[in-house]
There are 2 protein chains.
Amino acid sequence: MVSQNVPQATAERLPLYYRTLQSLVAVGKTRISSSEFGDLVQIDSTTIRKDFSYFGALGRKGYGYDTQYLMDFLRKTLYQDELSKVVLIGVGHLGTALLNHNFQKNNNTKIVKAYDIDPSLIGTEVSGTEVHAMDTLATDDNSDITAAILTVPAAHAQKAAEMALASGIHGFLNFSPTTLSLPATAYVRHVDMTVELQALIYFLNHSMEERNSQ
Amino acid sequence: MVSQNVPQATAERLPLYYRTLQSLVAVGKTRISSSEFGDLVQIDSTTIRKDFSYFGALGRKGYGYDTQYLMDFLRKTLYQDELSKVVLIGVGHLGTALLNHNFQKNNNTKIVKAYDIDPSLIGTEVSGTEVHAMDTLATDDNSDITAAILTVPAAHAQKAAEMALASGIHGFLNFSPTTLSLPATAYVRHVDMTVELQALIYFLNHSMEERNSQ
DNA sequence: AAATGATTGTGAAATGAGTAACAAAAATAA
DNA sequence: TTATTTTTGTTACTCATTTCACAATCATTT
Ligand SMILES: NC(=O)c1ccc[n+]([C@@H]2O[C@H](COP(=O)([O-])OP(=O)(O)OC[C@H]3O[C@@H](n4cnc5c(N)ncnc54)[C@H](O)[C@@H]3O)[C@@H](O)[C@H]2O)c1
Ligand SMILES: NC(=O)c1ccc[n+]([C@@H]2O[C@H](COP(=O)([O-])OP(=O)(O)OC[C@H]3O[C@@H](n4cnc5c(N)ncnc54)[C@H](O)[C@@H]3O)[C@@H](O)[C@H]2O)c1
């Protein structure tokens, strides 16, 4: 498989490239150069070319890249053309926002069900997604589920992740502000909005200082 | 100022360190070694020690770090002990979740007001935060505001950011799936949940392949 | 008070990512 | 057809970050 040598940093940019190509195809743009594409996503054109080169020669010299071809290639690379099913655990404020958002529109990805412990939520539908009881999670067969989105309070995130793992889920997108300790068979990505906001404020404070002192 | 030589990667870990120290202090732990702390946040202990070393000698050899002291130090470094005011633009599903969450509890950070274009929202309070009309944003004086959280639809993010910039806001936490083009005086952080989910699925697919082929 | 053990702080080495430079190739123009 | 322009793919280089290795230092035990 080609993809074994793809650097982590490159792999993390692919979804952005894919989404940007979708927009380009949608507005009827059939070709684009690495520099124009780079301007669009605010990444150096050399980085773009290098990223694509890990997958072979996707462009044509003197011409650029065919948007439709590149988009199709990335779709296959990212999803292997299969629908990825995910579950959401914790139907609170953030969980409800995510259910409403629905990732399916542009990606081969769907939240197929949700879990919560709140009896008043269990059995209801939130934005068309059924809410199941947390009790059933560990014993359910979720081996066809790619990933779980964790939007439970921090104190319950570890336990919830373990239950999901027991049901056959190996991927986790953790929105709660806590680190998960899971066996190496699991893969966790952590989206920490609080940290993002704090980091933003830190950089603002310190870049201002630099300007003042110069 | 010491902080001029702090690498970006280090600066981005500080908020996580700070929050973890808060938990440790809360449960009464008074000292911790870099390796125990590293286990907790899942970062190599050498990286932890090196990160702290950019700020001078914060620990004691043969002993470790004093949690209270380190926490206080990081609070001052991160916030300079001033309350950071932020605004939120776009009181929809995600915006409402963020307003409800309220970052103030653990950080010196507060969402002081919100903006939206929806007439049915303008003038109301959402989770205790007043919603202002978008019309007034560009002409408001927001020079005391550190950052704007952008939770408007992608098509409106650029315009909203420009208006906020005009009102004196220079920091942006952009949740919409689009790249912002702003002058160098602005600092933007992009939280793209769709990209996170796609990247997660990509890594799952490809690490599985590797396992199968080995 | 001396010996032992723990743990930091830090140069040096290794890894990884981003950037620059440019030959090769294809497209386009003359 | 030939010349010129465009733009890729890639090699070499630079920069940033992580990891290694270990002396220096402090805490703790005897
Ligand atoms: N709301 C935000 O904007 C925001 C921002 C950043 C981080 N977060 C984090 O996301 C997580 C959820 O935030 P929220 O604002 O949606 O909280 P919330 O309290 O609104 O929702 C939590 C939901 O999880 C359910 N729950 C509680 N314990 C559970 C368990 N053991 N198993 C299954 N479900 C359980 C609750 O019934 C509730 O529906 C928290 O960890 C929070 O820190 C939220
Ligand atoms: N909801 C999610 O979980 C989620 C997840 C990932 C990304 N996002 C992104 O976050 C953004 C908001 O998502 P959402 O689900 O909250 O959408 P939403 O439609 O629920 O809310 C959007 C809000 O913005 C307001 N708005 C629209 N145009 C505006 C303008 N020009 N100026 C000011 N306010 C304006 C609307 O009145 C509405 O209140 C979108 O860009 C979305 O792609 C959302």
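The shown structure was predicted, so the numbers you read here are calculated from the model rather than taken from an experiment. Letters go in sequence order (proteins before strands), and every chain restarts at 1.
- Listed nucleotides: D:dG9, D:dT17, D:dT8. Nearest to the side chain of B:Q8: D:dT17.
- With D:dG9, C:dT8, D:dT18 as the choices, the nucleotide that has an atom nearest any side-chain atom of A:K61 turns out to be D:dG9.
- When the side-chain nitrogen and oxygen atoms of A:R49 are compared with OP1 and OP2 of C:dG18, none of them lie within a distance under 4.0 Å.
- Of the side-chain N and O atoms in B:T47, one or more sit less than 4.0 angstrom from OP1 or OP2 of D:dT19.
- Checked against a 6.0 Å centroid threshold, the rings of A:F172 and A:Y187 do not count as neighbours.
- Each of B:R31 and B:D51 has a nearest nucleotide on DNA chain D; the 5'-most of these lies closest to B:D51.
- To the nearest angstrom, C1' of C:dT19 lies 13 Å from CD1 of A:I48.
- Phosphate proximity of D:dT7 to A:S34: absent, as no side-chain N or O sits under 4.0 Å from OP1 or OP2.
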Derivation of the salt bridge (Lys or Arg N to Asp or Glu O under 4.0 Å) call for B:K76 and B:E82: CA-CA 9 Å; B:K76 282 174 204 145; B:E82 282 173 29; over 6 Å; no
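- Atom pair B:Y54:OH and C:dT10:C1' shows a separation of 10 Å (rounding to whole Å applied).
- Looking at A:K85 and A:N108, their side chains never bring a donor and an acceptor atom within 3.5 Å of each other.
- With rounding to whole Å, A:F55 atom CZ is found 13 Å from D:dG9 atom P.
- Contact between the side-chain N/O atoms of B:Y65 and the OP1/OP2 oxygens of C:dG9 is found at a separation under 4.0 Å.
- For the residue pair A:D140/A:Y115, the side-chain donor-acceptor check at 3.5 Å is satisfied.
- The residue among A:R60 and A:K50 whose nearest nucleotide of DNA chain C lies closer to the 5′ end is A:K50.
- The listed nucleotides are C:dT19, D:dG9, D:dT18; the one nearest the side chain of B:R13 is D:dT18.
- If you take CZ of A:F37 and C1' of D:dT8, they are 15 Å apart, rounded to a whole angstrom.
- Which of C:dA17, C:dA27, D:dT19 sits closest to the side chain of A:P7 comes down to C:dA17.
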